[in-house]
Each structure stands twice: as structure tokens, then as C-alpha cells.
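Report on the structure given below.
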Number of protein chains: 2
Amino acid sequence: MTQNGDNCSCQECLRKTSIFEYLTDEELVAFNDSRYQTKYKAGEIIFKQGTAITHIMSFTSGLAKVYIEGYNNRDLILQIIKPGSLIGGPGVLVDNMHHFSVSAITDSTACFIDINEYKKSLNNNTEFAIASLKEINSQHIENFNKFISLTQKQMQGRIADAIIYLSDEIFNSNSYDMTISRQDLADLTAMSKESAIRILKEFKDDKIIQLNHNKIEILNVDKLRRFSEIG
Amino acid sequence: MTQNGDNCSCQECLRKTSIFEYLTDEELVAFNDSRYQTKYKAGEIIFKQGTAITHIMSFTSGLAKVYIEGYNNRDLILQIIKPGSLIGGPGVLVDNMHHFSVSAITDSTACFIDINEYKKSLNNNTEFAIASLKEINSQHIENFNKFISLTQKQMQGRIADAIIYLSDEIFNSNSYDMTISRQDLADLTAMSKESAIRILKEFKDDKIIQLNHNKIEILNVDKLRRFSEIG
DNA sequence: ACCATCTTTTGATATATGTCAATTTTTATT
DNA sequence: AATAAAAATTGACATATATCAAAAGATGGT
């Protein structure tokens, strides 16, 4: 968790975090001035649910998970994030509290921008506010899909959804290193880790996926999608 | 579904739909001019998932449900709405599609405001945009609670949550007419209606609630909250 | 390279929840 | 009021999923 000497500016980050496009040059400078970058080791917590929001976070390298800490020490992973993701959280204009935790899955770096600079831009820059609104709405739509996946599909469908999600949204390949643990996979699909493991094995036996060590390869996307659709 | 001659203006509705407070007088006039009111009979659909968003809806009388149409003809109710609720939906700035359906539970009326007027105000009135953002964030937080309730609590906890929700948020009394059907209660808690009925009976036998016909009275809030907390 | 620790895997078993079918109750219609 | 249609209830049973415990495999630090 040491500060990073790395001198990239917010302007250069534009390519990655799209809503920054809507900031004016002055705002970008202000963001850049207030900004600091921090390194995290795998497993370390970046945002902790229940604490005050002081900064928004632009994730710059590594892999992290955004999760709600629920009952009986069970977590529900909302999303896996990769470089380019901007994480504020729904508490921003409401109670200024984090309603989820974020922790590094692999060694990671993240930039932090003072929440007041962010709020200033929301207030002064309508385009930016609208872009934020749009972003949050997209998130909302994804949550709807997650609701259906988690409450109406059985385990095969949920694991299929998770495998497809990781393939399409995170690793952009149908062959990837799982990186996330079995427990994480379980927390992503709202089941016990033992069940997640069993379904994974079932898919392997059915030649839907190949799996050795942590390397997963999707062999039969159609069957996977059918599981996702049938529920 | 006939047009309504009722001549209340948007200004008068202010009391109910709070984010309208941030509109200027001119905007309110524009909203009022584009607006029309419609009556719905119980069971009729107000917004249909998968159709284009042309208006935002201000619910003015009755009771309605907002629900996602999922797999195998199963619905998931996101919220029950009462007069004063403003319903746009997460598709507004994204794909202009409804991602949920809304239907009247009892005979109801609703006002519709042209989506373009709404978008115009978002673009021209930062305070209004921020208020909308805040509203959506609050919704987001509620969805997080719903995620935990639906994925980590067992049936007793979920039914307890639903009973408390109806008591606190909708009927504002610990004794109310259920109004919603058993199927709706099941769709609100993501279980089969038979299971919902059984848990309701269990609560009745344990003297946690009183229940005759559709009149429900909470007898033991503490036990209900314990079920909600234990999961 | 070794030991301790943590993660993954597997099997046996318990349990929560869904499904199906039959019955009763309520609501709507003529 | 009589009938049909819809909703609620109940019981028996099937099954999806969790839990527990033990074993195997991987990982990290000294």
C-alpha cells in the first residue's frame, strides 16, 4: 500500500475510463492534482463496506472484486473489475457510505480522486453528470440480469453465466486462467463452493469445458448458453 | 384505459414526487403540457418489458408492481409502488427500452410525461440531474439489500423481509390489507406460491402474525426482525 | 527442500424448497 | 342465487442444494 511514483496523468487514462471524456481540461487538471495512486497486494481491501466514501477509484492494473458482505460471513460478488473501471458506489450522493467492499484479487494499482472534485464536476458539468447517470443505469440493467440469474436459474445456469461473464467481459477470450478462487466463483453465483466445484466438474465431464489446474477453456459455447437460457 | 379529465397540474403533484422540486417553473409548465393521465383497471399492464420508453410515469393513485419477467414465466417483483412514485427505468439513457414491466394491482391512475421533456430537463437543469442520480443511487442501495435477502436468506427471512417492507414502505402500518396476491408475495420473495403460503401459515401458528382473509397484523415485530436478520 | 497452511476435491448425508395433484375457498358472471 | 372461473390451501413426494468431515493437492515461508 505504498504511494506510487508513476507519473501518468489523468489525460492519458482517458482511453480507459470513458466517462472522463466528458471532463473539461480544467477539470482533468483538478482531478489529476487531487489524485494519488496506490499499490495493493492480492487479498488487500481497497474499499470497505460501511466506511465513509472519501474518494472514487479508477482501477489501473490487476484484477479486483466488488462484493457485498452479507449474512453468516457470506459474500456476494457483484462484479469483477479490471483496469479502466471507475468505482464510486451508490452511496455517493445518498449517505456517503460504501455499500460494498472492493478487494484486490491479484496485485493491483488504483488511482483515487477526491470525492469532492467528482461532486464538483457533477454539479458544474451536465454532460459529465449525464454520462454518470447513463453509466449507473447500465449497471442497473446488469443487476437485473443478475437478479434473474441468481434467483431463477439453478446451479448449472448460474455457473454457465459466470463462465460466460468471465469470458466475455473480463478476459475477452474463451480460454483463460481462472485467477479467481473457487470460493469467489461460489460468491459470484450465490452457492456453496462445494457445489460450484461439482458443477464445474460436471461441465468438464460433459466436455463443455476443459479444465486443468486453473486454466479453463470453453469447448462448447452453445451448450453453455443453453444452460444459461434454460435456467 | 381512458384518458382522464382530471385537471390537477404538475405543480400540485410536487408534494408527492420529490425530485420535481428541482424543476424550474418553465420546466414544470412544459411537463404539465406534455402530460396526460390514464386510468388502469386491476391487472392491466402500464409498462411492458421489452418495449420502447416513450414516457416516464408518475403514479397518482392505486397500487402497482414493478417486476422483471424472467424464466419459465416466473416474475421477480422489484418493488410495489404507491402514489407519488416516479418510474423511468434504467433504459432511459442507455437503450431506451423498458427493462421491467409495471402492472396495476388495484385500479390505478398514472400521469405520463414525454421522455424528451425529461431528458431536456436532465440536460438543462443540473440540480434535477443530480437529484435523479441520487434517486437512482438510492434504488441501487435497495437492490443490494434485495440481493442479500433473496440469495442468502431462507424462506422465513425472505417472507419476514417482505412483510416488513409492506408494513414500513407501502402501507405504513403494522396492520394492513395484503392487497397483493399470494403469487405476488411469492414473486416478491423468489419462491413458489405454495412455499410462501406455508411460511405465512407457520408465522400465523407461531403467533408472529395474525391473518384472516387478507388482513394481516404483525403481532411480534421482534421475532419478524430476528427472522430477517438470522436469514 | 521441508513444514505448515490454505485451497480444492470428494463422498455421505441432511435439509430446504419445488412440484404435482387434489381440495377448499374466494371472486366474478350470468 | 347459481354457476363457472380463479385463487388459496394442503399433503405427499421429488430433488436441488447445503453441510460436514475427511483426504488430496497446492502454496508460501524459512
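Lettering follows sequence order; numbering is per chain, from 1. This structure is a prediction, so every number in the text was calculated from the model and none was measured.
Contact between the side-chain N/O atoms of A/R198 and the OP1/OP2 oxygens of D/dT17 is not found at any separation under 4.0 Å. Look at B/S195 and you'll find a side-chain N or O under 4.0 angstrom from OP1 or OP2 of C/dG18.
Between A/E194 and B/K193, the residue anchored closer to the 5' end of DNA chain D is B/K193, taking for each the nucleotide with the nearest heavy atom.
Atom CD in A/E202 sits about 11 Å away from atom C1' in D/dA16, given to the nearest Å. Spacing between atom CG of B/N212 and atom C1' of C/dT24 amounts to 17 Å, rounded to whole angstrom units. Between the NZ atom of B/K204 and the P atom of D/dT10 there is a distance of 8 Å, given to the nearest Å. Rounded to an integer number of Å, the gap from A/R182 CZ to C/dT10 C1' is 14 Å. For B/M178 and D/dA7, the CE to C1' distance is 13 Å, given to the nearest whole Å.
With C/dT10, D/dT17, D/dT9 as the candidates, the nucleotide lying closest to the side chain of A/I197 is C/dT10. In the set D/dA18, D/dT17, C/dT17, C/dT17 carries the atom at the smallest distance from any side-chain atom of B/M155. In this structure, the nucleotide among D/dA18, D/dA26, D/dT17 sitting nearest to the side chain of A/H213 is D/dA26.
A distance below 6.0 Å separates the ring centres of B/Y36 and B/H55. For B/H99 and A/F144, the distance between ring centers is not under 6.0 angstrom.
Here B/D187 does not pair with B/R74 in a salt bridge; the nearest charged N to carboxylate O distance is not below 4.0 Å.
Using bins of under 30°, 30° to 60° and over 60° for the plane-to-plane angle, the ring pair B/F147/A/F147 lands in the parallel bin.
At a threshold of 4.0 angstrom between heavy atoms, the contacts of B/R74 with the nucleic acid are absent. Backbone-only engagement by B/S181 is indicated by non-hydrogen atom pairs under 4.0 Å involving sugar-phosphate atoms exclusively.
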